[in-house]
Amino acid sequence: MVLDYVALALLFFLAVTLVYGIIAIHDVPYKIAKARDHPHQDAIEAAGWVSLFTLHAIWPFLWIWAMMYRPDRGWGMGSSGSKALEDRIAALERRLVGGSSAK
């Protein structure tokens, strides 16, 4: 009789722990977004709650979305990177034009 109550208590404890764990895990992308001062924090939080109902099918995409933004460099597609690329393309074009005129 006592073991029945112990088993019931253990079953209840495991169920509560599992539900809490799932809810805590779904909130990780929002916490990342909040720590990085992400401009879409609210959307990531709402999508996290939606992911609970989709059995976390969209959760990996939320993680990626939250990790894409960094306060020091934004989305990582700043003008400094494009300027360097433009400089390299211009240098290649100069080499190409200079090489074709030498023939």
Side-chain angles (χ1 to χ4, degrees):
M1 184 76 169
V2 173
L3 287 178
D4 290 339
Y5 289 117
V6 170
L8 181 63
L10 186 61
L11 187 62
F12 179 74
F13 174 76
L14 289 175
V16 168
T17 303
L18 182 66
V19 168
Y20 177 77
I22 289 171
I23 291 174
I25 286 173
H26 101 278
D27 210 23
V28 169
Y30 170 69
K31 289 181 180 178
I32 292 170
K34 188 173 182 180
R36 292 177 176 228
D37 197 27
H38 198 290
H40 304 141
Q41 318 178 18
D42 296 332
I44 291 172
E45 183 181 23
W49 283 105
V50 170
S51 77
L52 279 174
F53 301 109
T54 62
L55 301 176
H56 287 263
I58 62 173
W59 189 84
F61 300 107
L62 296 178
W63 182 289
I64 293 168
W65 187 12
M67 295 291 288
M68 282 178 61
Y69 183 81
R70 284 187 30 200
D72 57 336
R73 64 175 169 86
W75 295 101
M77 299 174 228
S79 61
S80 63
S82 63
K83 177 67 174 143
L85 186 59
E86 289 173 5
D87 292 343
R88 288 181 64 189
I89 291 172
L92 287 171
E93 288 174 343
R94 283 193 301 273
R95 276 189 9 198
L96 185 62
V97 169
S100 65
S101 63
K103 287 185 178 181

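These values consider heavy atoms only, across backbone and side chains, with no hydrogens, waters or symmetry-generated copies. When a residue number appears, it is its place in the shown sequence, counting from 1.
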Look at the side-chain heavy atoms of Ile, Leu, Val, Met, Phe, Trp and Tyr, link any pair under 4.5 Å apart, and say whether W65 and W49 land in one connected group. no
Under 4.5 Å between side-chain heavy atoms, hopping through other hydrophobics if needed: is there a path connecting I64 to I44? yes
Student check: side-chain heavy atoms of V19 and I23 closer than 4.5 Å: yes
So T54 and S51, do their side chains get closer than 4.5 Å, heavy atoms only? yes
Quick check for you: to the nearest 0.5 Å, what is the distance between I22 atom CD1 and L55 atom CG? 8.5 Å
Cluster link W63 to Y69, ILVMFWY, side chain under 4.5 Å: no
Find out whether Q41 and R36 are in side-chain contact, i.e. whether some heavy atom of one side chain is under 4.5 Å from a heavy atom of the other. no
Ring geometry between H26 and H56 (parallel below 30°, tilted from 30 to 60°, perpendicular above 60°): perpendicular
For P29 and A66, which heavy atoms make the closest approach, and how far apart are they? O-CB, 3.3 Å
Hydrophobic clusters here meaning ILVMFWY residues chained together by side-chain heavy-atom distances under 4.5 Å, can you tell me if L18 and W59 are in one? no
Cluster check M67, L62: I/L/V/M/F/W/Y, side chain < 4.5 angstrom: no
To the closest 0.5 Å, what do you measure between CG (D27) and CD1 (I32)? 10.5 Å
Just verifying a value: how many Å separate L10 CG and L3 CG, rounded to the nearest 0.5 Å? 11.5 Å
Contact check, side chains of L92 and R95, non-hydrogen atoms, under 4.5 Å: yes
